[in-house]
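Protein chains get the first letters and strands the later ones, always in sequence-line order, with residue 1 at the start of each.
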Number of protein chains: 2
Amino acid sequence: MQARRLINNPEAVSEGTVNRLSLYSRLLALLEAEGLTVTSSKELSDRMQFTATQIRRDLACFGQFGKRGIGYQISDLKRAIDKILGVHLRRKVALVGVGNLGSALLGYRVLRDHNFEIVAAFDSDPQKWSLVINNVLIQKPEELTETVKSQQIEIGIIAVPVEGAQKALNLLVSSGIRAVLNFAPARLATPRNVQLRNVDLSIELEGLSYFLEHEV
Amino acid sequence: MQARRLINNPEAVSEGTVNRLSLYSRLLALLEAEGLTVTSSKELSDRMQFTATQIRRDLACFGQFGKRGIGYQISDLKRAIDKILGVHLRRKVALVGVGNLGSALLGYRVLRDHNFEIVAAFDSDPQKWSLVINNVLIQKPEELTETVKSQQIEIGIIAVPVEGAQKALNLLVSSGIRAVLNFAPARLATPRNVQLRNVDLSIELEGLSYFLEHEV
DNA sequence: TAGATTGTTAATCGATTAACAATC
DNA sequence: TAGATTGTTAATCGATTAACAATC
């Protein structure tokens, strides 16, 4: 089946599509909470910034989830999308860098709400070692590989200053982590089989600055 | 002149181009620090993930900055890009929501390093009022409009829980802010003349989760 | 059956890349 | 002059949208 092939060929699914799946799931949860049971691409489109066609096309990458003439069963569609995203599973996260931002992430509700849990934290500052923040022990970087293995951690978050970011990434990768979220304002070198996503506040703010300069 | 027209028509410049300008500026600073004075689109390309053609084309949106056969004067090009982005000016920022994440942003070095300064912070929790974090006084939301005007604040950052995000945006917009960075995992409704950028950690993490599920 | 809505093919749009004349 | 590199036009690629047959 066409859709099946695509499932095993993630290269064929664009990052845009994957990002939108998250938003679809989020909206479906909302509709479910409102007591609705059935919806349509048209209704979803009306409550989002995307067209009905785009929603149907995104879903088509993964199979058939609706009934012609009827629409989509909300609970079924949400469960299917969450399965595609893999967010039905709890994911363990290692945090590298427990400064300002890192500490905040340790208590950040959004992570927990979305089934991600920081279970280990690392910092190069000896003063922080053996400190506990939000039930998470701060460890030496040398302990990372061992902890990642023993705790079966799948995702790394880099929250160190820009100077140490590449080193932090290398450490995560060498300990077997294949998915990393980087907050340092730098484009890090990554092996092809590792997925790196950047959250780059300076780029976002400079984009806002551009808008302020040029908007009429 | 073609380039001049584009400068006054920001709709014609894609967000991708603007984002890349930030990265070009960042790399040029690095090359300058290395003592180089001249570079080429080829050299820039070799040190980034973008092609030489794309770099030249991005720059072409704004004018002509190089010499054929020679390349680009690094300091001149960097100064030109920074001017286009408007990052030669210091931008004042208002922070709405001084929880976990908000507090971290108040001390976040990246903002300062890129010429953005949080000069006022707001929270709906009375317990936080008149507290001072990193030299910034935490105020009542009712004081926002007055403060934005008197301090000439241009950018807003939303770091409140998702339930309060739309209200926070409305408050910022009604006080005249036209550029907003939103950390809440929600797509907020915005007037067309206001630029909203989302930093949505749950989408990034779910994207990583998708990769872990589907990568071979 | 008539109306609604899917899944998918074909058309369009925009962004990226290749190619090259201009020129230092 | 010969070699290098820009700025820009033309070609390609990928993503979005329009249109519609299938079907509930």
Side-chain angles (χ1 to χ4, degrees), chain A residues 1-7 9-21 23-24 28 31 36-74 76-78 80-81 84 207, chain B residues 1-7 9-21 23-24 28 31 36-74 76-78 80-81 84 207:
Chain A
M1 192 211 289
Q2 167 82 334
R4 173 57 51 81
R5 194 174 53 71
L6 286 174
I7 291 176
N9 181 207
E11 303 305 315
V13 177
S14 76
E15 191 164 300
T17 293
V18 176
N19 290 346
R20 285 190 294 272
L21 287 183
L23 294 170
Y24 302 157
L28 290 165
L31 296 180
L36 299 177
T37 57
V38 174
T39 190
S40 65
S41 59
K42 171 74 166 54
E43 183 175 41
L44 294 172
S45 166
D46 287 342
R47 312 228 347 200
M48 300 174 92
Q49 70 203 276
F50 311 115
T51 64
T53 304
Q54 182 160 56
I55 294 167
R56 294 202 302 278
R57 176 161 274 278
D58 282 339
L59 295 176
C61 294
F62 301 98
Q64 309 194 159
F65 304 96
K67 277 210 173 34
R68 293 171 192 226
I70 307 294
Y72 304 92
Q73 199 69 29
I74 291 175
D76 291 353
L77 182 57
K78 174 160 194 316
I81 291 176
I84 292 165
Chain B
M1 194 211 288
Q2 166 83 331
R4 175 56 52 82
R5 193 173 55 71
L6 287 173
I7 291 177
N9 179 206
E11 301 305 314
V13 178
S14 77
E15 192 163 301
T17 294
V18 175
N19 289 347
R20 285 190 295 272
L21 287 183
L23 294 170
Y24 301 157
L28 290 166
L31 296 180
L36 298 177
T37 55
V38 174
T39 190
S40 66
S41 59
K42 171 73 166 51
E43 182 174 42
L44 295 172
S45 166
D46 287 342
R47 313 228 347 199
M48 300 175 92
Q49 70 204 273
F50 312 114
T51 63
T53 304
Q54 182 160 57
I55 294 168
R56 293 202 302 278
R57 176 161 273 278
D58 283 337
L59 295 176
C61 293
F62 302 98
Q64 310 194 157
F65 304 97
K67 276 208 172 36
R68 292 170 191 226
I70 306 294
Y72 304 93
Q73 199 69 29
I74 291 176
D76 290 353
L77 182 57
K78 175 160 195 315
I81 291 176
I84 291 165

Atom of B:Gln73, atom of B:Val38 and distance for their closest heavy-atom approach: OE1-CG2, 3.8 Å
For residues [X] and [Y], determine if any side-chain heavy atom of one lies less than 4.5 Å from a side-chain heavy atom of the other.
X: B:Leu59; Y: B:Tyr72; result: yes
X: B:Phe50; Y: B:Leu23; result: yes
X: B:Gln54; Y: B:Arg20; result: yes

Mind checking the [atom1]-[atom2] spacing from [X] to [Y]? Nearest 0.5 Å is all I need.
X: B:Leu21; Y: B:Cys61; atom1: CG; atom2: SG; answer: 8.0 Å
X: B:Arg47; Y: B:Lys42; atom1: CZ; atom2: NZ; answer: 12.5 Å
X: A:Leu77; Y: A:Leu44; atom1: CG; atom2: CG; answer: 7.5 Å
X: B:Ile81; Y: B:Tyr24; atom1: CD1; atom2: OH; answer: 8.0 Å
X: A:Leu31; Y: A:Leu36; atom1: CG; atom2: CG; answer: 5.5 Å
X: B:Thr51; Y: B:Arg57; atom1: OG1; atom2: CZ; answer: 10.5 Å

Using the criterion of both pairing distances under 3.5 Å for Watson-Crick and G-U wobble pairs, give all stems of 3 or more consecutive pairs involving DNA chain D. C:3-24 with D:3-24
Using heavy atoms and a sub-4.0 Å distance, could you list which residues of residues 40-51 of chain B are near DNA chain D? By number, please. B:Ser40, B:Ser41
What are the bounds, 5' to 3', of the part of DNA chain C that sits under 4.0 Å from heavy atoms of chain A? C:dA4 to C:dA10
When you match A:Lys67 and A:Asp58 each to their closest nucleotide on DNA chain D, which lands nearer the 5' end? A:Asp58
